[in-house]
Amino acid sequence: MSVGRKPTVPYGAWPSPITAARLVEGAAGVGEIRSDCDDIWWNEQRPGEGGRSQLVRWSPGGHRHDLFPAWDPTGSGPNWNARTAVMEYGGGAWGVRDGVVVFANWADQRLYRVDPGSESVPVPITPEPSVPRGYRYSEPTWLDQDEFPGWIVCVRESHEPDAVAANGEAVNELVALPLDGSAVDDPSQIEVLVTGPDFVHSPATHGIQLAWIQWDHPRMPWDGTELVRADIAVGDRGEPAYVFGSDGVGGDVVAGGPAESIVQPGFRSDGSLVFCTDRTGWWNPWVIGGPVEADPPPARDHFEAKPVIADGGIDGEIGGPLWVGGLRWWTELADGHLLVTLRRDGADTLAVIDPDGRLRELETSFSEVDQVVAGPGDLDALVVAGTPTGETAPYSVEVMEPGGDWPTAGLSRLRPHRELPFGTEWFSKPTHISFPSAGGRTAHGLFYPPHNPEVEAHHEERPPLVVMIHGGPTSAARNRLELAKQFWTSRGFAVVDVNYGRPYRDLLQGNWGIVDVEDAVAAARHLADEELVDGHRLAIRGGSAGGYTTLAALCFHDAFKAGASHYGVADLSALAADTHKFESRYLDSMVGPYPEAAATYDARSPVRHTEGFSAPLIVLQGSEDEVVPPSQAEMIVAALAAKGIPHAYLLFEGEQHGFRKAENIVRALEAELWFYGRVFGFVPADPIEPVEGAVGLG
């Protein structure tokens with residue numbers, strides 16, 4: 001070997017400092033962010049603290065304070081966790097106003113209040129339900145404190161036995177409740193403002209105005225929702241008693257419908273109602289009127305919506321699928337300007353929309369922006385964003401000269417970079433690829449070549465490929481630094497993250513298990529044909545819906561030589577019969593109404609066609625998964641065992657849908673690497689404990 005040349009090591013066996021343990025050491029996934037006077041708040045999911053969601057306050061001068069006490073691994077104390085189970089996927093678990101924090105606690109799902117002061121402790125403000133976690137809450141939103149001092153409105157999801165018995169499923173409502181805790185002993189203090197629709201979500205307030213979105217089975221929120229606006233009546237005790245619209249009690253449906261998806265309604269300072277709608281094919285902001293001063297309120301015809309962006313909008317997404325609460329894509333700046341996050345070509349950018357409708361993009365280093373909310377100042381905003389070389393973090397954004405020709409943004413990172421024993425030289429940089437798929441369509445993805453600054457492979461060897469399938473058929477690949485991907489590329493794997501994107505939202509209608517699988521197969525074969533990867537060492541992995549795509553690809557196609565299903569769906573009929581309310585009718589549009597389309601369900605269920613399996617598979621599952629129950633994993637494992645196909649199975653006690661605990665994240669990733677090593681014939685550089693009970697893997 002010549003002097004200075006890097007050592008030659010087989011793909012897959014490359015040593016890397018990006019270990020599974022380092023993925024979770026000090027990790028904190030930042031979710032939602034909000035401003036409160038001069039303070040800034042956000043929540044952090046911390047794998048090292050049992051996966052709990054901690055609330056963090058940033059105060060002027062850069063001081064950061066955890067709201068909850070340090071994590072007690074013994075569990076002898078109350079390990080507070082700001083996380084809601086509404087619609088099972090949660091989101092929108094907390095809010096803050098004038099230093100008062102309201103949050104849903106994961107253990108019992110009750111709402112708690114924390115008052116200003118370092119010695120404050122959470123006190124409940126909702127009653128204890130008759131069954132554990134019988135009431136669940138999200139999106140706590142302050143009502144106008146001049147009109148309704150000490151009151152908030154929020155989503156309440158009732159799993160109380162009487163409610164479930166009367167409705168056949170959980171009941172979702174908008175309720176108003178007092179902050180003083182009086183409802184704990186007197187539940188009649190809670191006022192039900194909106195009930196009846198199968199789902200209500202995203203309350204927004206301005207004065208006595210209340211807006212929300214609603215939808216009914218079998219629609220999902222990205223299929224079609226309705227935007228409703230109403231006024232809130234004042235009761236005898238000064239409480240928010242009920243809501244009324246132009247026709248009396250209830251509200252006015254001012255936008256939306258079965259084929260129009262609306263997300264993030266919100267009021268501007270002038271009382272006009274802004275919302276993001278996909279009526280043009282792309283989620284874009286539209287606006288309805290200004291202050292409503294007529295008495296009685298005008299008829300619905302008065303509520304005419306118009307696009308905020310000139311010329312009818314832009315071909316790009318300002319909005320997205322409503323899987324969780326707390327999502328924010330726009331906020332108001334001074335003088336009628338809006339700051340928005342715009343997604344085009346698989347990447348996000350920030351943009352300013354002027355009062356005249358002109359949209360101008362800002363130059364930032366961000367490739368993904370998850371939140372856009374108002375900041376402390378008139379031209380300030382807060383975002384949660386990531387870059388191709390930087391993990392997602394909270395930032396403050398100062399938009400300078402929003403009315404000039406070239407608005408610019410000053411960025412301040414509010415949470416320091418995690419200290420890691422490696423630099424950006426270890427990161428594989430993705431490239432956007434397009435490739436032909438079935439039916440003459442063009443599919444897309446993000447391709448990460450293997451990269452390691454210290455070793456290389458033999459020039460005649462091609463790397464193994466991991467095709468990653470994201471969860472949720474309506475979701476999209478994430479264009480940001482994710483160390484979980486770099487874990488693979490730094491060891492000599494190529495990775496492709498298949499990206500369905502907006503055009504596939506409608507294409508997947510009735511075709512789940514077909515077009516998504518075809519695209520995954522097409523991506524692998526395209527990269528093999530281009531000799532960028534080894535066509536004999538193709539693997540596919542995915543979680544939840546991505547796990548189903550993984551299983552279907554292995555069952556109905558022969559492109560892949562190995563797979564990893566993370567809490568994936570194996571039996572569509574079983575999923576339709578045994579899942580939670582939010583997704584109980586999801587498959588009506590993706591596959592067909594059940595049981596009328598039972599034959600289609602069986603035809604696309606991998607567990608019903610085990611004769612198609614031949615490639616080794618590792619299955620990873622949480623024991624407390626309410627979305628995809630463990631029975632799904634156990635069915636596929638039993639089928640593999642009956643056929644004698646090499647496989648491995650790991651069940652993680654206490655995990656739900658998605659692994660949150662550090663030790664389980666580490667074990668799952670290392671076990672998958674060990675599994676690929678056995679299948680593809682390499683020995684990982686990492687010392688890994690073999691999977692106990694693995695069959696046929698040596």
Side-chain angles (χ1 to χ4, degrees), residues 27-46 49 51-71 79-84 90-106 111-123 125 137-143 145 152-155 179 202-205 264 266 324-332 339 341 369-378 380-386 391-398 411-416:
V30 179
E32 299 157 36
I33 190 169
R34 303 289 183 264
S35 65
D36 178 48
C37 301
D38 292 331
D39 292 334
I40 297 169
W41 292 78
W42 64 82
N43 63 295
E44 294 182 356
Q45 181 189 329
R46 296 179 177 176
E49 297 182 5
R52 76 155 162 180
S53 184
Q54 172 68 272
L55 296 179
V56 180
R57 175 171 61 91
W58 181 97
S59 54
H63 304 291
R64 289 179 293 121
H65 315 267
D66 287 352
L67 180 64
F68 304 139
W71 178 258
N79 282 323
W80 301 104
N81 184 354
R83 181 183 171 199
T84 178
W94 60 279
V96 58
R97 173 76 67 86
D98 297 330
V100 177
V101 178
V102 173
F103 72 96
N105 186 44
W106 176 250
L111 281 181
Y112 288 78
R113 187 190 77 243
V114 181
D115 295 323
S118 59
E119 302 303 319
S120 296
V121 295
V123 295
I125 61 172
Y137 303 87
S138 74
E139 297 278 11
T141 303
W142 268 253
L143 290 169
Q145 294 302 285
I152 61 172
V153 64
C154 61
V155 176
L179 284 168
S202 306
T205 66
Q264 199 196 336
V324 298
L327 300 174
R328 302 289 188 270
W329 292 275
W330 67 268
T331 192
E332 183 180 15
L339 181 69
T341 175
V369 182
D370 291 333
Q371 292 263 302
V372 178
V373 302
D378 287 343
D380 293 339
L382 304 173
V383 303
V384 176
E391 294 180 289
T392 298
Y395 290 83
S396 66
V397 179
E398 183 183 4
L411 306 178
S412 297
R413 186 182 172 107
L414 302 175
R415 188 182 189 278

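Keep in mind it's a predicted model, so treat the numbers as computed, not measured.
Salt-bridge check for R328 with E139: passed, with a basic side-chain N closer than 4.0 Å to an acidic carboxylate O.
Qualifying salt bridge (Lys or Arg N to Asp or Glu O under 4.0 Å) partners for R46, counting only residues two or more places apart in sequence or in other chains: E44, E49, D66.
Remark: the backbone N or O of L143 is paired with a side-chain donor or acceptor of Q145 at under 3.5 angstrom. Without hydrogens or angle criteria, N105 side chain to N81 main chain gives a donor-acceptor distance under 3.5 Å. Between the side chain of T84 and the backbone N or O of A93 there is no donor-acceptor pair closer than 3.5 Å.
Ring pair Y112/F68: centre-to-centre distance not below 6.0 Å.
To the nearest 0.5 Å, the span separating OG on S396 from CZ on R413 amounts to 12.0 Å. Rounded to the nearest 0.5 angstrom, S59 OG and W41 CH2 are separated by 9.5 Å. A distance of 4.5 Å separates CG in L382 from CD1 in I40, rounded to the nearest 0.5 Å. Going from atom CZ of R52 over to atom CH2 of W106 covers 15.0 Å, rounded to the nearest 0.5 Å.
In this structure, D36 and G99 approach most closely via the heavy-atom pair OD2-N, 2.7 Å. Shown here for P394 and V30, the closest heavy-atom pair between the two residues is CD-CG2, 3.8 Å.
You'll find the side chain of D39 reaches within 4.5 Å of the side chain of P60, heavy atoms only. A heavy-atom distance below 4.5 Å is found between the side chains of L179 and W142.
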